[in-house]
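Worth knowing before you read on, the calculation uses all heavy atoms, side chains too, and leaves out hydrogens, waters and symmetry mates. Count residues from 1 along the sequence.
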Amino acid sequence: MRIQGQRSVRTSAIVIYLAGASLLLAQPARKRDLASLGQLSESFQALAHRVSPSVVKVLSLGYRPPDEDDETESQAARQPSSGSGTIVDSNGYIVTNAHVVMGAERVQVLLPVPLDQTIPKRSTLKPKGRMLRAEVVGLDVETDIAVLKVPTTGLPALELGDSDSVEQGELVLALGSPLGLENSVSMGVVSSTARQLRPEDAMMYLQTDAPINPGNSGGPLVDAAGRVIGINTLLYSQSGGNEGIGFAAPSNVVRAVFEQIRQHRRVIRIDLGVETQTVTPLLASGWNLPQTWGVVVTDVIEDGPAEKASIEIGDMIASVNGKTMENARMLSSSLFRPGGDKVRLEILRGSQRFSVTVPAVEKLLDPERLAAVITSGQLAVPQLGILAVDLTPKITNMLTTARAEKGVLVAGRAAEGPFMEGTLRTGDIIYSVNRQGITSVDDLRNVMGKIKAGDPVAVQVERGGKLLFIAFEMP
């Protein structure tokens with residue numbers, strides 16, 4: 001019994017010792033976890049401090065949509081609005097969204113105070129920065145990118161990263177001036193690396209859950225190294241506020257647009273004279289195509305570059321200037337920035353594979369050319385979220401086709417319009433709404449002003465020389 005009792009005491013002592021040891025071991029683990037969390041927090045603080053001096057507030061004064069709640073105000077009013085911008089070149093070049101400055105008569109940029117000139121005592125309130133008048137060097141409506149230039153040098157520019165290497169789930173920071181509150185930062189992840197808002201849309205966005213609100217437009221989306229991987233562009237929202245679905249223009253697209261606008265003051269796109277779509281397995285099976293992915297030619301424009309190069313309907317475009325084409329969006333992107341006066345295409349026709357060279361013919365109707373004809377008196381149709389102009393002889397001459405002499409041309413997207421998937425596009429000509437003829441922007445505003453939220457809307461438009469109806473419910 002005594003031996004058993006000694007064993008029992010010894011056993012209890014061992015249990016108590018092990019329990020105490022585990023508690024002692026657990027304590028440093030908690031401390032290590034807290035230390036790691038603190039280091040992560042400090043890393044994000046350092047990143048925000050490094051990036052913030054390169055993020056500016058953009059103030060524009062121009063004609064914006066009238067207040068929908070004010071029944072006495074039916075015309076576009078001259079009023080200020082704000083957005084964000086990203087310094088991408090130390091010589092005064094700033095990238096923002098086209099919708100932030102489109103239609104503006106005056107654009108100003110608020111530069112933040114450099115870190116080495118802040119108040120010595122770390123005051124909670126920082127001094128205001130410099131306000132400079134900015135020149136709109138050029139804008140591109142299709143990608144919603146604009147380039148500004150301010151008369152100063154030595155600015156802290158951010159590096160444009162490689163958006164093609166961005167991974168889903170990657171941590172990012174979104175910076176800008178949401179709702180006019182400059183120098184704001186939010187954190188999130190990359191929700192998707194390739195998000196189209198419409199099928200076959202040439203523009204592909206990075207999707208993020210980092211809070212993006214009105215006013216963030218034009219600010220940078222940066223990775224953990226402080227590189228710009230996207231420019232915050234828009235949000236998808238049913239409430240008007242952030243719901244965790246934001247979109248940023250990929251940095252590789254931004255870089256191409258910036259370089260072209262800086263050199264040519266506009267973006268030059270190539271017109272092959274074909275209509276294309278992405279190959280699907282079902283389409284490949286039905287047409288006996290040699291592969292279940294790629295780009296197929298669905299139409300060839302008469303007397304266009306493709307027809308002159310003997311390209312036929314049903315041909316597959318395998319590559320452009322040596323770059324493999326996986327889908328129709330890649331084809332559009334490849335023709336986005338010309339590399340000379342010729343474009344080399346590799347064609348698959350049945351079992352045949354051959355190359356053709358077509359001239360690099362510029363598109364006759366580019367969105368930025370439409371933006372140039374926007375005047376202050378003819379601007380916004382807020383219910384549709386568009387900027388529109390009357391169809392005049394000057395504009396008709398810019399169009400390759402126009403079925404009628406009267407109508408309304410969609411010239412761009414309004415600064416604060418609603419997001420309606422699959423509806424109107426830049427270049428559409430509106431002829432009627434719910435069977436009511438439209439001959440001017442005033443007609444369109446009057447008709448849309450009588451339509452309430454939830455009402456069905458059927459808009460007759462001409463798109464690419466073809467008439468169609470676009471139906472949707474008013475948001």
Side-chain angles (χ1 to χ4, degrees), residues 98 140-144 196-203 267 269-278 295-304 306 313 328-329 331-332 335-336 361-374 378 380-381 383-414 417-441 443-444 447-448 456-474:
D140 182 64
V141 177
E142 184 171 319
T143 58
D144 200 3
Q196 284 177 299
L197 302 185
R198 293 181 294 265
E200 304 299 334
D201 197 337
M203 190 61 183
V267 174
R269 290 179 174 81
I270 300 305
D271 186 8
L272 294 180
V274 296
E275 296 292 334
T276 62
Q277 70 183 65
T278 301
V295 181
V296 64
V297 175
T298 60
D299 196 7
V300 179
I301 309 303
E302 185 177 357
D303 294 327
I313 295 175
R329 186 203 66 83
L331 176 63
S332 298
L335 303 175
F336 178 70
V361 178
E362 184 181 357
K363 280 188 176 182
L364 295 178
L365 180 62
D366 267 346
E368 60 266 27
R369 295 181 64 192
L370 297 179
V373 303
I374 295 178
Q378 299 172 311
V381 183
Q383 298 89 342
L384 296 176
I386 62 171
L387 300 173
V389 293
D390 293 345
L391 196 61
T392 64
K394 176 183 176 180
I395 294 176
T396 302
N397 291 335
M398 295 173 59
L399 306 175
T400 54
T401 61
R403 295 286 190 95
E405 296 180 355
K406 295 291 183 180
V408 170
L409 179 70
V410 178
R413 193 177 72 200
F419 173 78
M420 294 180 290
E421 184 175 356
T423 54
L424 298 169
R425 302 179 186 177
T426 300
D428 286 349
I429 303 174
I430 300 174
Y431 290 131
S432 71
V433 175
N434 290 347
R435 295 191 174 181
Q436 297 185 55
I438 302 296
T439 61
S440 68
V441 175
D443 285 348
L444 183 58
V447 171
M448 294 306 303
V457 181
V459 183
Q460 183 189 37
V461 304
E462 178 182 345
R463 179 179 295 167
K466 300 177 181 179
L467 295 176
L468 67 151
F469 289 99
I470 298 175
F472 56 91
E473 287 187 357
M474 279 300 298

Hey, is the main chain of [Y] close enough, under 3.5 Å, to the side chain of [X] for a donor-acceptor pair?
X	Y	value
Ser440	Asp390	no
Asp144	Ala98	yes
Asp428	Leu424	no

Task: Close side-chain approach of Ile386 and Ile430, heavy atoms under 4.5 Å - done: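 A side-chain contact under 4.5 Å exists here.
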
For [X] against [Y], the heavy-atom pair lying closest together:
X	Y	answer
Val274	Ala306	CG1-CB, 3.1 Å
Val295	Ala328	CG2-N, 3.6 Å
Phe469	Gln460	CE2-CB, 3.6 Å
Asn434	Pro456	ND2-O, 3.4 Å

Atom pair [atom1]/[atom2] of [X] and [Y] - distance to nearest 0.5 Å:
X	Y	atom1	atom2	result
Ile438	Ile429	CD1	CD1	14.0 Å
Ile270	Leu272	CD1	CG	8.0 Å
Glu405	Thr439	CD	OG1	12.5 Å
Glu275	Ile313	CD	CD1	10.5 Å

Task: Chi angles and distances behind the side chain to side chain contact (heavy atoms under 4.5 Å, CB included) call for Phe472, Leu384 - done: CA-CA 11 Å; Phe472 56 91; Leu384 296 176; 3.6 Å; yes

TODO: Start with the C-alpha gap between Val457 and Gln383, add the side-chain angles, then the distance that decides, and say whether side chain to side chain contact (heavy atoms under 4.5 Å, CB included) holds.
DONE: CA-CA 11 Å; Val457 181; Gln383 298 89 342; over 6 Å; no

TODO: Begin from the C-alpha positions of Asp140 and Arg269 and carry the test side chain to side chain contact (heavy atoms under 4.5 Å, CB included) through to its verdict.
DONE: CA-CA 11 Å; Asp140 182 64; Arg269 290 179 174 81; 2.8 Å; yes

